[in-house]
Number of protein chains: 2
Amino acid sequence: MLKQSDPLDVLFAALADPSRRSMIDRLSRGSASVSELAAPLDMSLPAVQQHLNVLEASGIVSTRKVGRVRSCSLEPDVLNQAQQWIADRRTLWAHRLDRLGMFLTEDPSAVGIGKGETK
Amino acid sequence: MLKQSDPLDVLFAALADPSRRSMIDRLSRGSASVSELAAPLDMSLPAVQQHLNVLEASGIVSTRKVGRVRSCSLEPDVLNQAQQWIADRRTLWAHRLDRLGMFLTEDPSAVGIGKGETK
DNA sequence: AGAATACTTAAGCACATGCTTAAGCAATCG
DNA sequence: CGATTGCTTAAGCATGTGCTTAAGTATTCT
């Protein structure tokens with residue numbers, strides 16, 4: 001219990017692998033079985049399943065077993081978190097430019113001077 | 001030369017580490033030196049520098065050395081690629097629902113039936 | 001029932017990652 | 001000049017990741 005990791009760690013890590021992204025890609029076109037996901041992937045079935053475990057752990061993909069076939073489907077809402085994190089940093093960065101503009105044209109006291117900010 | 005990896009691999013991998021995200025966070029508020037980045041990070045300076053290398057390799061952060069200080073700044077445009085990839089899959093997934101709707105209300109031949117699509 | 005299908009588990013191995021400490025080096029400061 | 005500051009390199013090590021093959025298990029087909 002010493003090491004509980006941020007959901008974003010798991011999410012971004014899941015997206016960092018090309019095989020997993022291609023699986024997501026396939027699922028974005030519609031749900032599929034494990035072997036359908038494996039088919040285009042030049043690797044063994046167990047390897048695919050391990051990737052699938054990673055995707056499930058991140059929440060991007062959910063699965064349920066019907067008979068002997070496991071059906072996998074995308075949970076696109078989970079991608080929101082990642083998209084939002086990125087969007088937020090971009091917003092912050094844009095705001096930084098605002099402050100710099102403020103500094104250049106008006107009120108130096110409104111900017112964090114002497115903290116490496118003015119380069 | 002056998003193993004050139006997708007920029008998205010590197011980008012998402014860079015984002016998958018909490019220390020690196022906190023560095024990006026700091027830089028989204030304005031550029032900083034290496035030791036300023038290291039300050040809040042309960043780890044050695046060399047460790048921070050290795051994270052910085054990863055960030056630079058991904059293109060998210062650029063640095064230049066002035067005197068004995070290295071100044072680091074965010075390249076937020078690089079985040080576009082990641083954001084776009086996510087947005088694209090979400091769009092595809094939404095489109096999948098369109099096709100399903102088409103199937104339910106109108107033209108069955110327009111949908112991929114019998115390929116695991118109808119569950 | 002027996003054979004085929006569709007996963008699933010387990011074990012092992014090569015290589016990558018995320019640190020560490022110990023030195024080293026160039027740019028100021030006193 | 002010699003000392004301090006700010007980074008940089010190198011080496012080593014524990015753990016994690018991405019595969020593999022071999023051997024299951026549960027369903028469905030014949």
Side-chain angles (χ1 to χ4, degrees), chain A residues 1-6 8-24 26-27 31-58 60-73 114-116 119, chain B residues 2-6 8-24 26-27 31-58 61-73 114-116 119:
Chain A
M1 67 169 68
L2 256 281
K3 191 93 196 178
Q4 72 150 21
S5 55
D6 192 317
L8 275 182
D9 292 10
V10 181
L11 219 179
F12 280 127
L15 295 176
D17 184 278
S19 307
R20 286 194 292 262
R21 282 202 309 282
S22 91
M23 289 167 77
I24 292 175
R26 167 64 186 82
L27 291 176
S31 49
S33 71
V34 174
S35 31
E36 280 171 339
L37 285 180
L41 281 189
D42 199 24
M43 68 179 66
S44 69
L45 236 201
V48 171
Q49 204 144 331
Q50 284 163 34
H51 282 304
L52 187 55
N53 291 340
V54 172
L55 291 172
E56 270 199 272
S58 76
I60 306 176
V61 168
S62 71
T63 75
R64 66 201 192 89
K65 196 152 183 177
V66 181
R68 63 188 171 184
V69 175
R70 179 168 299 276
S71 172
C72 310
S73 48
K115 298 191 300 184
K119 230 201 303 94
Chain B
L2 257 281
K3 191 92 196 179
Q4 72 151 22
S5 54
D6 193 316
L8 276 182
D9 292 11
V10 181
L11 219 179
F12 279 126
L15 295 176
D17 185 279
S19 308
R20 286 195 291 263
R21 281 202 310 281
S22 91
M23 290 167 76
I24 292 175
R26 168 64 187 81
L27 291 176
S31 49
S33 71
V34 174
S35 31
E36 281 172 337
L37 286 180
L41 281 187
D42 199 27
M43 67 179 67
S44 69
L45 236 201
V48 172
Q49 204 142 330
Q50 284 163 33
H51 282 304
L52 188 55
N53 291 340
V54 173
L55 291 172
E56 270 200 272
S58 76
V61 168
S62 71
T63 76
R64 66 200 191 89
K65 195 152 184 178
V66 181
R68 64 188 170 183
V69 175
R70 178 168 300 276
S71 172
C72 311
S73 47
K115 297 191 303 184
K119 228 201 310 99

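Lettering of chains follows the sequences in order, A, B, ..., and the numbering in each one begins at 1.
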Passing candidate, side-chain contact (heavy atoms from CB on, under 4.5 Å) with A/Val61, options A/Val54, A/Asn53, A/Leu55 = A/Leu55
Shortest non-hydrogen pair, A/Arg26 vs A/Ser31, comes out as NH2-O, 3.8 Å
Within less than 4.0 Å of OP1 or OP2 of C/dC7, is there a side-chain N or O belonging to A/Ser33?
-> yes
Between A/Arg70 and C/dT8, does any side-chain N or O lie under 4.0 Å from OP1 or OP2?
-> yes
For A/Asp9 and B/Arg21, which heavy atoms make the closest approach, and how far apart are they?
-> OD1-NH2, 2.6 Å
Does B/Arg20 reach the main-chain N or O of B/Ala13 with its side chain, forming a donor-acceptor pair under 3.5 Å?
-> yes
Looking at A/Ser22 and A/Leu41, what are the two nearest heavy atoms and their distance?
-> OG-CD2, 3.3 Å
Considering all heavy atoms, the nearest A/Val10-A/Ser5 contact = CG2-OG, 4.0 Å
Hey, which of these two, A/Val66 or B/Val34, hits DNA chain D nearer its 5' end, going by closest nucleotide?
-> B/Val34
Is there a residue in residues 43-58 of chain A whose heavy atoms reach under 4.0 Å of DNA chain D, and which residues are they?
-> A/Met43, A/Ser44, A/Pro46, A/Ala47, A/Gln50, A/His51
For DNA chain D, note the earliest and the latest nucleotide, 5' to 3', having some atom under 4.0 Å of a heavy atom belonging to chain A.
-> D/dG18 to D/dT28
Side-chain heavy-atom pair A/Val34, A/Thr63 within 4.5 angstrom cut-off | no
To the nearest Å, how far apart are B/Asp17 CG and C/dA16 C1'?
-> 14 Å
Looking only at non-hydrogen atoms, find the nearest pair between A/Ser33 and A/Val69 and report the distance.
-> CB-CG1, 3.7 Å
Between the base of C/dA6 and the side chain of A/Arg68, is there any donor-acceptor pair under 3.5 Å?
-> no
